[in-house]
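A short worksheet on the structure shown next.
Basis for what follows: all heavy atoms, side chains included, without hydrogens, waters or symmetry-related copies.
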Amino acid sequence: VFTVKTNASNAYFVWEKKDINVPIYSDLEEYKDDYIVKLYVDGKESFDFTVEKEVNCSSYSTVLTNKIGNYTVYYKAISKTHYAYSEVPIVFHVIDETKPVIKLASKTIEVEYGYKLEHIKYFTVTDDTCKIDEIEIILDDSNVVYNVTGTYPATLTAIDLYGNDISEDFFVKIVDRKPPSIFVLKPLEFAYKEEIILSDYFLCKDDYDKDITHRLD
């Protein structure tokens, strides 16, 4: 009769990653193994284990990759050699990582003097998960001097509900296309060989240049 002295090993699992991000509309197969679990035996890492998925009555069928949300599937790590196991919930976060899309009517937007830029008129913004009223649209026209003709830089930014943002730079060109107006101040009756001073008889006004009577010809 003989005996063999054995010492029980200290074996335990550490789940270093239990949350998995899945971009919306992606194939779940590409992310099922994106977890991290390690087995330590007597303080040293061991690879003598297997992982079972969809345990505890959970199923991948409950993970909807076409709908943003959090979905749980249970995994179980087992080491038969070291009599150790660990069962944890793996949470699949179906998220939106796609930026909105901005389409510019033109890289240079012309705006008539006296008016301001309305981004809805010159741009379209779309997103694969959010409606237009769920997207924050920010127009930075702080560099545009609307009362002075010229070309100025501006930026349009769109941010969806999930923090994905995109910015497009463009130019705003302030133009003056409205012709001036000429007013007759008094009857056009002149003495023979009289020197005519136009400003005595006419007034010429412009929205942009104001009084331009001196430019009458």
| Between D140 and S142, a side-chain donor and acceptor under 3.5 Å | yes
| field | Student check: side-chain heavy atoms of E54 and V73 closer than 4.5 Å | value | yes
| field | Ring-face cation contact, Y60 with K32, 6.0 Å cut, 45° max | value | yes
| field | Between T149 and D176: side-chain donor-acceptor atoms closer than 3.5 Å | value | no
| query | Under 3.5 Å, is there a donor-acceptor pair linking the side chains of T108 and S106? | reply | no
| Just wondering, do I95 and I68 contact through their side chains at under 4.5 Å, heavy atoms? | no
| message | For F13 and Y40, I'd like to know if the aromatic rings sit close, meaning centre-to-centre distance below 6.0 Å. | response | no
| message | Do L39 and I36 sit in one hydrophobic cluster, given that two such residues count as connected whenever their side-chain heavy atoms are within less than 4.5 Å of each other, even indirectly? | response | no
| request: Taking the side chain as every heavy atom from C-beta outward, state whether I78 and Y83 have any pair of such atoms under 4.5 Å apart. | output: no
| Hydrophobic cluster identity match, Y85 and Y75, side-chain contacts under 4.5 Å | no
| What pair of heavy atoms forms the shortest contact from P23 to E97, and how long is it? | CG-OE1, 3.4 Å
| request: Report yes or no: is the cationic atom of K178 (NZ for Lys, CZ for Arg) closer than 6.0 Å to the six-membered ring centre of Y113, at no more than 45° off its axis? | output: no
| task | Mind checking ring-ring contact (aromatic ring centres under 6.0 Å, His included) for Y201 and listing every partner two or more places apart, or none if nothing turns up? | result | F190
